[in-house]
There are 2 protein chains.
Amino acid sequence: MKLIHQLSKETGIPIGTIRFYEKSGLFRGKTKEEVKTNNYVYYGDEVVEKLRFIQMAKAVGFTLSEIKEVIDAWYKKQISKNAKIEVLDRKLLQIDEKIKELKAFKNK
Amino acid sequence: MKLIHQLSKETGIPIGTIRFYEKSGLFRGKTKEEVKTNNYVYYGDEVVEKLRFIQMAKAVGFTLSEIKEVIDAWYKKQISKNAKIEVLDRKLLQIDEKIKELKAFKNK
DNA sequence: TCAAACTATGCAGTATGCTACATACTTGTA
DNA sequence: TACAAGTATGTAGCATACTGCATAGTTTGA
């Protein structure tokens with residue numbers, strides 16, 4: 001479990017941005033109940049994983065709300081693996097399509 | 001040669017957005033010199049082509065300035081075909097990379 | 001001919017995604 | 001124990017990419 005400074009260093013994402021993502025509901029750290037002197041927030045490996053996903057997804061044109069949709073589905077235990085993959089695939093297919101069109105553009 | 005209304009209908013891009021793109025330097029229509037009574041701007045097929053490119057490129061996460069870079073290179077006659085393709089490929093490869101990573105994510 | 005539709009220009013406003021700043025408290029270490 | 005480094009919270013500001021509105025002029029069709 002890491003504090004925000006370390007999380008930032010590990011992912012390369014600025015602290016301000018991490019806080020912004022957290023406020024946007026993309027993930028949640030947790031405070032340690034046993035610590036009474038502060039309300040420092042700790043982040044586990046799941047958050048690192050989510051941040052890496054966010055970085056990749058943003059790079060291929062996902063909006064934050066699309067990313068939230070995928071993450072919400074992905075980390076929801078109730079739904080099937082196939083249903084999870086489908087949420088991600090839907091957008092990925094659109095992108096594949098566009099990439100193909102862009103590549104076709106090269107032969108103009 | 002079409003006026004902005006028809007261009008908008010043909011591409012599905014709102015008139016305001018087309019004007020915004022034009023002002024951003026992504027392309028330029030031309031006024032007909034022989035017409036003295038107005039300054040209506042006409043757009044040729046090259047502009048349609050550029051707008052389609054913009055739509056695709058935006059969908060895979062290109063920013064407008066990245067798009068401008070590609071378009072500028074693409075429609076510059078002085079540079080070689082290979083050089084043009086390279087400008088486009090640079091970003092396309094980055095995206096391919098990210099897509100691959102995202103697909104790998106599915107096996108988690 | 002006159003009203004609807006279209007065009008140009010300019011500027012204000014909005015949504016998204018950060019980024020910076022101020023304030024205040026906590027922790028680690030020399 | 002002092003002081004740098006880290007943390008939380010809140011709010012303002014900024015860049016990008018639109019979107020809408022007001023104003024004014026032009027064109028087209030019944």
Query raised in the report: Do the charged groups of B:D45 and B:K2 touch, with an N to O distance under 4.0 Å?
Result: yes
**Report entry** Euclidean distance, atom CG of residue A:N39 to atom P of D:dG10 [Å, nearest integer]
**Finding:** 10 Å
Requested in this report: Please answer whether the main-chain N or O of A:Y40 pairs with a side-chain N or O of A:T31 as donor and acceptor at a distance below 3.5 Å.
Outcome: no
Query - Ring geometry between A:F105 and B:W74 (parallel below 30°, tilted from 30 to 60°, perpendicular above 60°) - result: tilted
Report task. Report the C-alpha separation of B:E49 and B:Y75 in whole Å, then their side-chain angles, then the decisive distance to 0.1 Å, and conclude whether the side chain to side chain donor-acceptor pair (under 3.5 Å) test is met. Result -> CA-CA 11 Å; B:E49 208 173 63; B:Y75 290 89; 2.7 Å; yes
Report summary line: Protein-proximity profile, nucleotides 15-25 of chain D, B/S/- by nucleotide at the 4.0 Å heavy-atom cutoff, equals --BBB-----B
Requested in this report: In whole angstrom, give the distance that lies between atom CD of A:Q6 and atom P of D:dA5.
Outcome: 18 Å
Report task. Under 4.0 Å from any heavy atom of chain B: name the first and the last nucleotide of DNA chain C that qualifies, 5' to 3'. Result -> C:dC6 to C:dT9
Query raised in the report: Got a donor-acceptor contact below 3.5 angstrom from the A:S24 side chain to the A:F20 backbone?
Result: yes
Query raised in the report: Are OP1 or OP2 of D:dT9 and a side-chain N or O of A:R19 less than 4.0 angstrom apart?
Result: no
Report task. Provide, to the nearest angstrom, the distance between the CD1 atom belonging to A:I18 and the P atom belonging to D:dT7. Result -> 10 Å
**Report entry** Spacing of CG belonging to A:L102 relative to CG belonging to B:L92, to within rounding of 0.5 Å
**Finding:** 5.5 Å
Report task. For A:K23, report the nucleic acid contact type (base, sugar-phosphate, nothing); a contact means any heavy atom under 4.0 Å. Result -> base
**Report entry** Donor-acceptor contact below 3.5 Å, side chain A:T17 vs main chain A:I13
**Finding:** no
Report task. Using a cut-off of strictly less than 4.0 Å between a heavy atom of the residue and any atom of DNA chain C, enumerate the qualifying residues of residues 24-34 of chain B by number. Result -> none
Query - Enclosure of A:E33 CD (heavy-atom neighbours >12, cutoff 6.0 Å) - result: no
Query - Electrostatic pair A:K91:A:E66 at N-O distance under 4.0 angstrom - result: yes
Report task. Scan B:E10, B:E22, B:Q6 and name whichever one has a side chain to side chain donor-acceptor pair (under 3.5 Å) with B:Y43. Result -> B:E22
Query - Cationic N near anionic O, under 4.0 Å, B:D89 to A:K103 - result: no
